[in-house]
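Just so you know, these numbers use all the heavy atoms, side chains as well, and skip hydrogens, waters and symmetry mates. A quick note: this is a predicted structure, and the numbers were derived from the prediction, not measured. Counting starts at 1 for both ligands and their atoms, following the listed order.
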Amino acid sequence: MRYGYFDDEHREYLITKPDTPLPWINYLGCEEYFGIISNTAGGYSFYKDPRLRRLTRYRYNNTPLDSSGRYIYLRDDDPSTHPTGPVFWSPTWQPTRHPLEEYECRHGLGYTIIRSKLDGIESQIRYFVPLGESLEIWELTLINHREQLADLSIFSTIEFCLWDAWDDATNYQRNLSIGEVEVVDDVIYHKTEYRERRNHFAYFACSEKLSGFDTQREAFLGPYRGWESPQAVEVGQMSATVACGWQPIGAQHVKVSLAAGERKRIIFILGYHENPNDEKFDPPDSQTLNKHTVKPIITRYLRAEEVESAFQALGAYWEELLNKLQVTTPDNHTNRMVNIWNVYQVMATFNLSRSASYFESGIGRGIGFRDSNQDLLGFVQLVPERARERILDLAATQLPSGGAYHQYQPLTKRGNNDIGGDFNDDPLWLVLSVAAYIKETGDWDILDETVPYDNSPGTEEPLYDHLQRSIQYTLDRKGPHGLPLIGRADWNDCLNLNCFSDTPGQSFQTTTNKDGKIAESVFIAGLFILAANEMLDIAKRHKGKKQAEVYAKATQEMEQAIWDAGWDGEWFRRAYDDFGDPVGSKQCDEGKIFIEPQGICVMAGLGICDDRAAQALHAVAERLATPHGIVLQQPAYSRYYLRLGEISSYPPGYKENASIFCHNNPWIMIAETMIGRGDRSHDYYLRINPSAREEISELHRCEPYVYPQMIAGRDSPIHGEAKNSWLTGTAAWNYVAITQWILGIRPTFEGLNVSPIFPASWDGFKATRIYRGVRYDIQVERHGPGNKVELVVDGQSIEATIIPIPKADIKELKVIARIT
Ligand code: BGC
Ligand code: NOJ
C-alpha cells in the first residue's frame, strides 16, 4: 500500500494521506539554519546546533506522535454561514486532526508544501529557508471557493525552546522562571537569557496587521488543554499576553475577509538573529532588545516578491547540485534515487551527522567522527569547499595519539569529552574521506593545510601528518594475532568486547573494565588495508616512493594476519573477544557470521585473485540475505552475553543484533561488483532501495524517499519494518555503491574511471557527470553479457578505463563505453 507517490519531474514526494504510518519528514535549510518538518507540519527548528541553539520545542515520544510543530489554525468567524462545517481546523491536519476534504503534502528539495481544502476554503502553506539566511518562511495562500464572503481568523503558532534543548527539557525549576519576550510592532521577539550571556534571539513576524497575539502558552491553550483545541482559537480571541517565565510561545492572530473566489497570501517568518555584543540593547543602557539589525531582514522577507525570488534561488541551487550527476538507466528506482533523493539525503547526513531527526533527539549525539568521514564519501562532489572545511574540522579533533574524539559539538567544534575516544576504527575513516576528496577535486594542497590536534593551538601539523598518525594508531595497537585491537568498539558500536557491562544504565560504549589488550577486530584489519592502500597512493604522489613502501609492507602484514587468524574457512571472522575466542565463526553458537568483515575485506581486495572473496560472498547470500536486505549477523543473539555487550542487548532482529543494518549492505554490493557480479549487486541494491519498497509502505512504515538505518531482520516479528530514517551512513554508502561501482563512474587520483558492473538485462545507460570542471556525457552500451569495457573518448579509443584529466580548455567530453 502507498500513501503517496513520487513526482519525479518536480523532484517531490507527494503524500496523499496525512496519517502516514509514521510522520514522514523533510529538512528545511541546508547551511546554518535548519528545520525538521513532517507531512503534518510537525517538527522544530535550530540554528547550527540542535542541542545548543534550539529555537522551537519538540516533544519526542509524544502522544499522539508528532504533536509539536509549525501550526496554523483556520477559524470560521461567522459559523452561521456554514453551520455544518467545523468552527476551526488545522489545514495541515495536525494538531486538530479534523478530517480534510483534500490533503496533499509535497516534500521537495529544501521545502515542504502542504495543501488542503475543507468546507470551501483551500489553503496552501509553503515552508522553506532562504539560502544564506537564518530564518524560515511559511507562506500561506488561502482561496475562498465558497459562493459567499468568508470571514476567517488565522492563528499561527510556535512554542519557543529556551535555547539549550537538553536543559530546556530537564531543568524546570529554573526554566519555568526565565522566559522573556518582547512584542513590538506586531513582531514577537523571544529573548530568554538575552539580558545575561546570550546575544541571540528569535523572532516571529507576519506580513499582516495582527488582530491579536499571545506569548504565554497557557493563556493561548487554556488550562488543561492541548494544541488540538486551543481556547483562543475556539473563542477567536487572543489575550495579548507577554510571557514572563513559564512557557513562551509565539501566537499571532490575523483576520481576513475573503470574497467568493478571492485568494490571499500571508507570510509568516520565524528567524534567529545575533547582535554584536556591544549593540545588544537599544537604548544602550536599557534592557530592551536592539532591533535595528534585524528589522531590514524582517521587512525584506515579509514581501511576497522577495519570498518568491528566494524560493526560485533555492530551486536553482538544487538544480545545480543535482546536475553534477544525472543518470538514465532502465530502472526507475535507480534513477530517482541517484538523481534526486539519495543525493538529497547525503546532504542531510553531511549537515546533521546523526544529531537531529525524528529518531535522533538533537540533544544526544553531536557530529560523529566516523559518521561524518563516511558521509563525506557521498558528499565530496556536491559542495567540495564545504567538504574541505569539514575534513579540516574533523582532523582538528584528532588526538596526538592519532586516535580521535568519537564526536564533536557543531557549535563549538570541540571534541565531546563525555564520549571521548578509543573507538579504534575512527581515525582510519579520515584517510578514506581525504582520499575521496582529493580524487574528486585534485586538490592536493589540502594535505599541506596545517591542523591542530585536539584543537590545541601550537600543535598544528600538515593534514598529511594527521593521516600518517591515523595509520600509525592501528599499527601501535595490535593484539595477540597481529590484528588491530578493537578498543571500545569499531564500526559496530554495539560489539563491545572490552566493556563487560552488568549494571543497568551503564554506557556500553564508555564502560571499559578490561585492559583492552586481547580483543581484536578483523573488521578494522580490513578497513586498515583499505585505508593504507589509499595512503600508499597518496604518499607515492605526495612524498615519493620510499614513503609509499612503508604502507605496502604494513598492508602485506595485515593481510597475512587476516588469512592466519581472520579467515574461518568459508568466510571472514568478525573479531576475537577478551578471552581470545573468535566472534563470527562456525565455532560460535550464535553470531557465526557477520556482514561487516565480508564487505570490508573484499572491498580491500582480499581473496579476489583466489576463490575466497567469492566464498565469503556466497556465505552472505546463503546465510544473511533476505528479501528485505542483508542482515548484520546470524544466528541472532538470543540472550545477553556479557563479553559481547550491547549487540546482544537488542531483541533478535533489531539494530545490530541481526537487523538489516542498511549501512553495510552497500559494502556487499561493492564487493559483488569487485568480483564482477552486476546482477547480484543490483539485486541487493533494490532490496533496500526505498523507492522500490514504496509499495509495501504499510510494512516498511518509514519514508519511501530516504534510506532508514535499519529494517527489522528475519528474527523479528515484523520482518521488513524500517526504523531510524534519514540520518544514517547508508545514504553516502549507497550513493557510492550505485554510482561508483554498479554504474561504475568513479573518481580516481588520475581521472574519471568508467567501468560499470551492471545487470546483464540492461542494454546500457546514460549519465552526465561534472568532474573537475568538465562535463562528461557518458553512454554505456551493452554488446555482450560480460564486464569488459572499451572506452571511446571524443571519438578516440583509449586503452584503460580511466579517462585522463583533459587539457584546461576542454570543458566537455563524450564518452562511449562498449561493454562486452
Ligand atoms: C546504537 C548504535 C549507535 C550507538 C551510538 C547504539 O545504541 O545501537 O546504532 O551507533 O548507540 O551511540
Ligand atoms: C550508528 C552509528 O552512527 C555508526 O557510527 C555506527 O557505525 C553504526 N550505528 C553501527 O553501530
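- The residue among Y650, Y654, F423 with a heavy atom at the shortest distance from atom 1 (C) of ligand 1 is Y650.
- Geometric assessment of K723 against the ring of F359 yields a negative cation-pi assignment under the 6.0 Å and 45° thresholds.
- Checked options W733, W667, F423; the residue passing with W491 is W667 (criterion: ring-ring contact (aromatic ring centres under 6.0 Å, His included)).
- Residue-ligand proximity: R365 is placed with a non-hydrogen atom under 4.0 Å from ligand 2.
- A side-chain N or O of H663 and one of Q374 form a donor-acceptor pair less than 3.5 Å apart.
- Remark: R639 qualifies as a cation-pi partner of Y641 under the 6.0 Å distance and 45° angle criteria applied to the six-membered ring.
- With N724, T728, D371 as candidates, the residue nearest to atom 5 (O) of ligand 2 on a non-hydrogen basis is D371.
- Here is the list of ligand 1 atoms found below 4.0 Å of a heavy atom in Q509: 12 (O).
- Listed by number with element, the atoms of ligand 1 under 4.0 angstrom from any heavy atom of E646 are 6 (C), 7 (O), 8 (O).
- Aromatic pair Y58/Y358: ring centres closer than 6.0 Å.
- Protein heavy atom in closest approach to atom 9 (O) of ligand 1: E656 OE2, 2.8 Å.
- Using bins of under 30°, 30° to 60° and over 60° for the plane-to-plane angle, the ring pair Y44/F46 lands in the tilted bin.
- Remark: ligand 2 atoms within the under-4.0 Å shell around heavy atoms of N492 are 11 (O).
- Numbered from 1 in the order shown, with element, the atoms of ligand 2 that lie under 4.0 Å from a heavy atom of F661 read 8 (C), 9 (N), 10 (C).
- Against a heavy-atom cut-off of under 4.0 Å, R370 is close to the following atoms of ligand 2: 4 (C), 5 (O), 6 (C), 7 (O).
- Seen from the ring of Y473, R477 counts as a face-on cation partner, given the 6.0 Å and 45° thresholds.
- Using cut-offs of 30° and 60° for the angle between ring planes, the W726 and Y705 rings count as perpendicular.
- Among the atoms of D493, some N or O lies under 3.5 angstrom from an N or O of ligand 2.
- In this structure, atom 10 (O) of ligand 1 lies nearest to the protein heavy atom D493 OD2, 2.5 Å.
- Under the 3.5 Å distance criterion, with hydrogens and angles disregarded, no donor-acceptor pair is assigned to the side chains of Q407 and D371.
- In the candidate list K655, Q709, E596, E656, Q709 is nearest to atom 1 (C) of ligand 2, counting heavy atoms.
- Taking a cut-off of under 4.0 Å to the non-hydrogen atoms of Q709, the atoms of ligand 1 that pass are 9 (O).
- When only non-hydrogen protein atoms are considered, atom 7 (O) of ligand 2 lies nearest to W491 O, 2.5 Å.
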